[in-house]
Protein chains: 2
Amino acid sequence: MSSTAADHAQRRRAPHLGPERRRPQVLDAARAIAVTDGIGAVTIGAVATAMGVTRPVVYACFSDRVELVEALLDRESAHLLDAILAALHGSADPDDPERAFVDGFRALLNAAAAAPDTWRIVFSGEPDPAIAERFRAAKARVQTEATEWIRPAMERWWQTTDLERKLPVLIDLFLSACESAVRSLLDTSNDWGPDDLGTFVGRAVHRAFADA
Amino acid sequence: MSSTAADHAQRRRAPHLGPERRRPQVLDAARAIAVTDGIGAVTIGAVATAMGVTRPVVYACFSDRVELVEALLDRESAHLLDAILAALHGSADPDDPERAFVDGFRALLNAAAAAPDTWRIVFSGEPDPAIAERFRAAKARVQTEATEWIRPAMERWWQTTDLERKLPVLIDLFLSACESAVRSLLDTSNDWGPDDLGTFVGRAVHRAFADA
DNA sequence: GACAGTTCCTGCACGGGTGTAGCAAATTCC
DNA sequence: GGAATTTGCTACACCCGTGCAGGAACTGTC
């Protein structure tokens, strides 16, 4: 490979830090790789070379590839999930449904704008089936939370009929709209900001849900 | 593996068919694997064992793994793309926007219901970067077509202001709604049919787009 | 300054997937 | 029925990623 020659010639030993202090560095390197090349490219070897270290050093920090990726996802998605749930819970104005939707989307998009790379990682998809399970768990969590937020809202505001049958469809539609809004926000080729995009999409989704 | 012992004991040679006649069988096997385990599981070896044949036989039909997967996607997605574009072009009632949306979603969902496995394959995601490019190409095609359908519609029906800025956001929202509707339709745990789900979602999306 | 302990690197074995060469069997044609 | 050809199978070499030893280098301490 490209390493052997360079190694013997000029490469110096990495400084002694120990697994504890190196762990965050490993996660940083993994994060950088995941942002540019997707989670599928986060391999022990890739992380090691990215931080100028050999693979056993990475194994000293995380016993496993899945353990590494899970640690990465945990660290990255922790405040993400909090932001989503906060956006849901904090925007329950009982008298103005449109405002509730708009506020919720604004909160969501501001959270997305604050940590765009994290969102890119989470949305990039999960090639490894061992990791896919964790993704689905998080998604299911958001799904139930969103359901419990929307169900009483629709009962109170619009007296929607046949709600239990419609809810799964509406929830999927709602979450798809959330993902779409974040995608549009992170798309660098436009000039939308979190607040005006949140207002725009929030209003549209509100119209879709009213009288559903 | 599990094969060596059984091979020597009882396995018979597969009949002579030749690459030409075996090619569709290979694609069928690949399709079955893709449906159950995702496109990522479509490997030369997996396809070969699935059809009771050894890998060189598969290599005689497709010189490459990507060539195999691309042939699969081409065969499967051909009438899918046609159905989508037909749904877009065929539902341009110039006087009744809601009906246009409803008809479009109905056509889309009927196409999805007619070939559910194909949709599952296409939506399952693409781990291989060599394949991802082809996915993005197809998606971009649909995107531009959808844009050209929606742009004049919004000008004519609602005189939407600042359209060129809003269009990208609306298109992404629209396509997300399409994907969501198909997902809901293919979700076996509900009792929606293509027509009533198309009506329901079509109306909701119409409300979202009106006065956007 | 030497020593013990920690940390890092070289090197290997393994598994899974790819792609290919050479041999054996079945099929076709005469 | 026998030869030529087509087709499939066995076996190999290769790459990449994983995970693990064992030895070398650095660190802090006495």
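This is a predicted model, so every value here is computed, not measured. Throughout, a chain's letter reflects where its sequence line sits, starting with A, and its residues are numbered from 1.
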key: Within residues 114-125 of chain A or reaching into it, pairs that qualify as salt bridge (charged side-chain N to carboxylate O under 4.0 Å, His left out) - sequence neighbours excluded   = Asp117(A)-Arg120(A)
message = Using whole Å, what does the distance between atom P of nucleotide dT27(D) and atom CG of Leu17(A) come to?
response = 10 Å
message = Distance check needed: dC20(D) P versus Arg65(A) CZ, whole Å only.
response = 16 Å
task = Report the nucleotide, chosen from dG19(C), dT10(D), dC9(C), that has the shortest atom-to-atom distance to any side-chain atom of Thr54(B).
result = dT10(D)
task = Kindly point out which of dG19(D), dC9(C), dT20(C) is positioned nearest to the side chain of Asp64(A)?
result = dG19(D)
request  = Rounded to the nearest angstrom, tell me the gap between atom CZ in Phe62(A) and atom P in dG17(D).
outcome  = 19 Å
ask   = How would you list, by chain and number, every residue that makes a ring-ring contact (aromatic ring centres under 6.0 Å, His included) with Phe135(B), sequence neighbours excluded?
value = none
inquiry  = Regarding Arg99(B) and Asp103(B), does a basic nitrogen lie under 4.0 Å from an acidic carboxylate oxygen?
reply    = yes
message = Can you work out whether Arg55(B) or Arg21(B) has the more 5'-proximal nearest nucleotide on DNA chain C?
response = Arg55(B)
note = Considering only heavy side-chain atoms of Tyr59(B), the closest of dC9(D), dT20(C), dT18(D) is dT20(C)
ask   = Between dT18(C), dA25(D), dG19(D), which nucleotide has the shortest distance from any of its atoms to the side chain of His16(A)?
value = dA25(D)
key: dT18(C) OP1/OP2 closer than 4.0 Å to side-chain N/O of Thr43(B)   = yes
task = Could you check how far CG of Asp37(B) sits from P of dG16(C), rounded to whole Å?
result = 16 Å
ask   = What is the distance, rounded to the nearest whole Å, between atom CD1 of Ile44(B) and atom P of dG17(C)?
value = 12 Å
ask   = How close do Gln25(A) and Arg21(A) get, heavy atom to heavy atom, and via which atoms?
value = CG-O, 4.3 Å
key: Interatomic distance, Leu68(B) CG vs dG17(C) C1' [rounded to whole Å]   = 14 Å
query = For Arg22(B) and dC9(D), what is the distance between atoms CZ and P respectively, to the nearest whole Å?
reply = 7 Å
